[in-house]
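Heads up, the thing below is written out as structure tokens.
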Amino acid sequence: MTDARAVRVMVVDDHPMWRDAVARDLAGAGFDVVATAGDGPQAVRRAEATTPDVLVLDLNLPGLPGVEVCKRLVGEGSTLRVLVLSASGEHADVLEAVKSGATGYLVKSASTEELIEAVRSTAAGDPVFTPGLAGLVLGEYRRLAGQPASRTADEPAAPQLTERETEVLRLVAKGLSYKEIAERLVISHRTVQNHVQNTLGKLQLHNRVELVRYAIERGLDDA
């Protein structure tokens, strides 16, 4: 279980009362709330200045949409994880958020306890989705994997993964959380995270979305 005291969180929402309430609930649960922001440009500036571990992000922001905030902050070399907290449960919004780099997606009807647990899971690298949305996202991974990928003739062969890295990758592709993978393989949550990070580095991928697509393209989810 991730220690809340070690997790730095930033809350972004354009409604002051909601933003303050979320920040207060997370601080009360022991998280270190390092900043809040009320619009997109402010979110980018403050996140870059305070380097939170988890960004709790609304999608509907003035100045710069939440998905653009996510794209600017979650990129190569970034360790930031984004949990979208939105009033919308529309499938298109969920998929757009995930494609922009969000780790998870929670609707605002979630309870305080669900939010706190979602932030803990996001900090640990586990994808979190409002019930019913996880299957949608995995289905989109499969759809994307079915599209032809552009490869050049002189593209180098894929790096060799260890047997355990391949095993973890196969379970990631099946949609299991890091906690579930750890239980399945009887290893620690931290060891699972290390295997995923090593695999990302070897394959020169940037996030879990790209990793799952890579695995499904190679049929590992059916293995």
Side-chain angles (χ1 to χ4, degrees), residues 1-4 6-7 9 26 29-31 52-57 70 74 78-86 89 91 94-95 97-107 110-145 161-201 203 205-223:
M1 177 70 70
T2 300
D3 185 353
V7 178
V9 180
L26 294 177
F31 294 102
D53 300 307
V54 177
L55 188 69
V56 179
L57 178 69
C70 193
V74 180
S78 172
T79 59
L80 176 67
R81 291 171 175 139
V82 176
L83 173 65
V84 170
L85 184 60
S86 174
H91 290 182
V94 177
L95 295 177
V98 171
K99 289 175 186 176
S100 71
T103 300
Y105 195 107
L106 208 62
V107 295
S111 67
T112 300
E113 291 73 21
E114 288 172 326
L115 170 63
I116 290 169
E117 185 57 35
V119 173
R120 288 183 193 275
S121 296
T122 300
D126 280 339
V128 180
F129 295 98
T130 291
L133 297 181
L136 166 76
V137 174
L138 189 57
E140 179 66 5
Y141 288 156
R142 293 177 187 277
R143 188 190 68 78
L144 288 172
L161 301 179
T162 67
E163 185 176 341
R164 182 46 63 92
E165 286 168 348
T166 302
E167 197 171 14
V168 170
L169 180 58
R170 182 178 297 117
L171 295 176
V172 168
K174 290 178 180 293
L176 273 66
S177 69
Y178 292 171
K179 179 182 178 182
E180 290 169 332
I181 294 172
E183 292 173 351
R184 176 80 65 90
L185 301 180
V186 197
I187 56 179
S188 72
H189 188 285
R190 175 65 64 182
T191 300
V192 174
Q193 286 182 292
N194 289 340
H195 283 312
V196 171
Q197 289 305 313
N198 290 341
T199 302
L200 286 170
L203 300 177
L205 302 175
H206 303 139
N207 54 50
R208 189 182 175 110
V209 174
E210 295 180 0
L211 189 64
V212 173
R213 179 176 181 177
Y214 174 92
I216 292 175
E217 283 177 341
R218 284 151 185 81
L220 291 177
D221 59 319
D222 295 323

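As the structure is a prediction and not an experimental result, all values here were calculated from the model. Worth knowing before you read on, the calculation uses all heavy atoms, side chains too, and leaves out hydrogens, waters and symmetry mates.
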Exercise for the section: List the steps, then state whether side chain to side chain contact (heavy atoms under 4.5 Å, CB included) holds for Thr191 with Arg164. Expected result: CA-CA 10 Å; Thr191 300; Arg164 182 46 63 92; 5.9 Å; no
Approximate separation, where rounding is to 0.5 Å, of [X] [atom1] and [Y] [atom2]:
X: Leu169; Y: Glu165; atom1: CG; atom2: CD; value: 9.0 Å
X: Leu57; Y: Leu80; atom1: CG; atom2: CG; value: 9.5 Å
X: Arg170; Y: Leu176; atom1: CZ; atom2: CG; value: 12.5 Å
X: Glu180; Y: Lys174; atom1: CD; atom2: NZ; value: 13.0 Å
X: Asp126; Y: Arg120; atom1: CG; atom2: CZ; value: 13.5 Å
X: His195; Y: Leu161; atom1: NE2; atom2: CG; value: 11.5 Å

Kindly give the heavy-atom pair with the smallest separation between [X] and [Y], and that separation in Å.
X: Val128; Y: Thr122; value: CG2-OG1, 4.0 Å
X: Ala123; Y: Arg81; value: O-NH1, 2.6 Å
X: Ala118; Y: Leu83; value: CB-CD2, 3.8 Å
X: Val82; Y: Cys70; value: CG2-SG, 3.9 Å
X: Ala215; Y: Ala173; value: CB-CB, 3.5 Å

In the structure I gave you, are the side-chain heavy atoms of [X] and [Y] within less than 4.5 Å of one another anywhere?
X: Val168; Y: Tyr178; answer: no
X: Val84; Y: Val98; answer: no
X: Leu185; Y: Leu171; answer: yes

Practice task
Give me the one residue out of Asn198, Thr199, Leu200 that meets side-chain contact (heavy atoms from CB on, under 4.5 Å) with Val196.
Solution key: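 Single side-chain contact (heavy atoms from CB on, under 4.5 Å) partner of Val196 among Asn198, Thr199, Leu200: Leu200.
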Problem - side chain to side chain contact (heavy atoms under 4.5 Å, CB included) between Ile116 and Leu26, worked out - result: CA-CA 7 Å; Ile116 290 169; Leu26 294 177; 4.3 Å; yes
